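Report on one structure; see the data block that follows.
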Amino acid sequence: MIVASIPDFREASRRRTPHFLFEYIDGGSYAEVTLRRNIADLEAIALRQRVLRDISRIDMTTELFGVKQALPVVLAPVGLAGMNARRGEVQAVRAANAAGVPFTLSTVSVCPIAEVAAASDRPFWFQLYMIRDRAFMKDLLVQARAARCSALVFTVDLPVPGSRYRDVRSGLAGAPGLMGQMRRMAQGAARPGWAWDVGLFGRPHHLGNVAPVLKGKSGLNDYMAWMGRNFDPSITWADLDFIRAEWDGPLIIKGILDPDDARQAADLGVDGIVVSNHGGRQLDGVLSSARALPPIADAVGHRLTVLADGGVRSGLDVARMLALGAHGVMLGRAWVWALGAGGEAGVTKMLKLLAAELRVAMALGGFTSIDQIDRSALAEP
């Protein structure tokens, strides 16, 4: 098929990856109300068109946490992303590096920190959950420092996992034992391109950062059980002291939807936040990121770096998020769909398409630099 947009990458990924894997990436929690709101609320934001301005030189570079980058976007952490292509996180970090944007490695990635670092010619970001096993967390942070990770994204909106019905229906969750394994294998066999590229030559099929603590138990059910036991529901703001004691680089809190929580994060001295509802995968029915972003940006945007994710499907959506107050935009499903559709080349193409769309949005909005994009870019409701 011809791929001309991020939704096209979604369809191409659906055709190539096993059903259970596509549904895991594509789906949300419960009735997926927030998942739909993320997209619809962002699409509904009208941009203001301005004409007869000199837009012959457009600069899309920006700076996040002291590092200049080519676009105001970051590849967000996505668990199991590496199963979408052979050693998927390695391919994605290469594409991000070539495009001049940061890549964020998930705690529950397929490729471990060291493997990604060996493939990367520039520092990447690392994402961490609060895990009951604090010694394991310390070890991960030691590895992240050794790999020259330049920022830590600490995810706080997953003290317990949301109920994701699609994962149950597809056989990813709720299908333990041999029958569940056979069901997933059958879905993989139905995608011969993926089965050859990932199933056969993409081994080991481990969550690379977690595998050492599983002591040889490497099945999908083992991982799911470990994560269920080890996510810490007792986490509070006081636990940030533990993170700060182990990490001296930029600290970004991901999963903020309320201005009061944003203010508390700023009061505690974090360097950035991500306005995020976990892609609609946690508490269904909460605000979309686009709706939650403006009051949060107004409250703390002058005190720390505000990033946002959720529902971004084009460069126009990036412009909308920036206009709503974000300093940068995280992409989740977009890059994983591109990875599933075409590996490193797919992610590279997706970022080029996004950049071209953002350039058009800036040109027709009358903006020549990223820092000019503010609420003036929005049409009156």
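In this text, all values refer to a predicted model and were calculated from it rather than measured experimentally.
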**Prompt:** Going through the checks in order, is the side-chain hydrogen bond (donor to acceptor under 3.5 Å, both in side chains) test met by Asp309 and Ser276?
**Reply:** CA-CA 6 Å; Asp309 69 10; Ser276 172; 2.8 Å; yes

**Message:** A quick test of your reading: do over 12 heavy atoms of other residues, nucleotides or ligands sit less than 6.0 Å from CE of Met179?
**Reply:** no

**Message:** Is there a side-chain contact between Val90 and Glu115 in this structure, where contact means two heavy atoms from C-beta onward sitting under 4.5 Å apart?
**Reply:** yes

**Request:** For the pair Asp267 and Arg303, evaluate salt bridge (Lys or Arg N to Asp or Glu O under 4.0 Å) and give the outcome as yes or no after the intermediate values.
**Result:** CA-CA 9 Å; Asp267 291 343; Arg303 301 175 64 188; 2.7 Å; yes

**Message:** For Thr368 and Asp59, which I'm curious about, is there any donor-acceptor pair between the side chains at under 3.5 Å?
**Reply:** no

**Message:** So does Trp194 get a backbone contact from the side chain of Asp197, meaning a donor-acceptor N/O pair under 3.5 Å?
**Reply:** no

**Request:** Could you tell me if the ring centre of Trp125 sits under 6.0 Å from that of Phe65?
**Result:** yes

**Item:** Over all atoms of both residues, closest heavy-atom pair of Ser289 and Gly310
**Value:** OG-CA, 4.1 Å

**Asked** Would you say the side-chain atoms of Asp239 pair up with the backbone N or O of Met130, donor to acceptor, closer than 3.5 Å?
**Response** no

**Asked** Is the closest side-chain heavy-atom distance between Leu80 and Leu207 below 4.5 Å?
**Response** yes

**Prompt:** Is the shortest heavy-atom distance from the side chain of Gln282 to the side chain of Leu158 under 4.5 Å?
**Reply:** yes

**Request:** Mark yes or no: Arg14 above the aromatic ring of Phe9, with NZ or CZ under 6.0 Å from the six-membered ring centre and no more than 45 degrees from the axis.
**Result:** no

**Under 3.5 Å: donor-acceptor pair, side chain of Arg16, backbone of Gly340** = yes

**Request:** In sequence, state the C-alpha distance, the side-chain angles, and the governing distance for Arg166 and Glu32, and then conclude on salt bridge (Lys or Arg N to Asp or Glu O under 4.0 Å).
**Result:** CA-CA 10 Å; Arg166 284 210 226 178; Glu32 300 186 344; 2.9 Å; yes

**Closest non-hydrogen atom pair, Val3 against Ala12** = CG2-CB, 4.3 Å

**Prompt:** Does the side chain of Asp139 pick up a donor-acceptor pair with the side chain of Gln143 at under 3.5 Å?
**Reply:** yes

**Validation row: Ile6, Leu331 side chains within 4.5 angstrom (heavy atoms)** = no

**Message:** Please check: side-chain N/O of Arg191 versus main-chain N/O of Thr17, any donor-acceptor pairing under 3.5 Å?
**Reply:** yes

**Message:** How close do Phe231 and Pro159 get, counting heavy atoms only, and between which atoms?
**Reply:** CB-O, 4.0 Å

**Prompt:** Just by distance, do the side chain of Arg184 and the backbone of Gly171 share a donor-acceptor pair under 3.5 Å?
**Reply:** yes

**Message:** Looking only at side-chain N and O atoms, does Asn97 offer a donor or acceptor that is under 3.5 Å from a partner on Ser120?
**Reply:** yes

**Prompt:** With distance as the sole test, does Asp26 use its side chain to make a donor-acceptor pair with the main-chain N or O of Phe22 at under 3.5 Å?
**Reply:** no

**Prompt:** Would Thr348 and Glu344 count as having a side-chain donor-acceptor pair, cut-off 3.5 Å?
**Reply:** no

**Request:** Assess whether salt bridge (Lys or Arg N to Asp or Glu O under 4.0 Å) is satisfied between Asp284 and Arg36, documenting all intermediate values.
**Result:** CA-CA 10 Å; Asp284 197 26; Arg36 293 191 296 273; over 6 Å; no

**Donor-acceptor under 3.5 Å (Glu43 side chain, Gly311 main chain)** = no

**Prompt:** Do you see a donor-acceptor pair shorter than 3.5 Å between the side chains of Gln127 and Thr155?
**Reply:** yes

**Prompt:** Is the closest basic N to carboxylate O distance between Arg169 and Glu23 below 4.0 Å?
**Reply:** no

**Asked** Looking only at atom types and distance, does a side-chain atom of Gln187 sit under 3.5 Å from a main-chain N or O of Phe20, one as donor and one as acceptor?
**Response** yes

**Prompt:** Does a donor on one side chain sit under 3.5 Å from an acceptor on the other, for Asn277 and Asp157?
**Reply:** no

**Message:** Just checking Arg291: does its CZ atom have more than 12 heavy atoms from other residues, nucleotides or ligands closer to it than 6.0 angstrom?
**Reply:** no

**Complete:** Minimal heavy-atom distance between Val286 and Arg37, with the atoms involved, is O-NH1, 3.2 Å

**Message:** Distance check, rounded to the nearest 0.5 Å: Trp237 atom CH2 versus Gln264 atom CD?
**Reply:** 5.0 Å

**Prompt:** How far apart are the closest heavy atoms of Gly79 and Tyr24, and which atoms are they?
**Reply:** O-CE2, 3.2 Å

**Message:** When you compare the side chain of Thr107 with that of Leu140, does any pair of heavy atoms fall below 4.5 Å?
**Reply:** yes

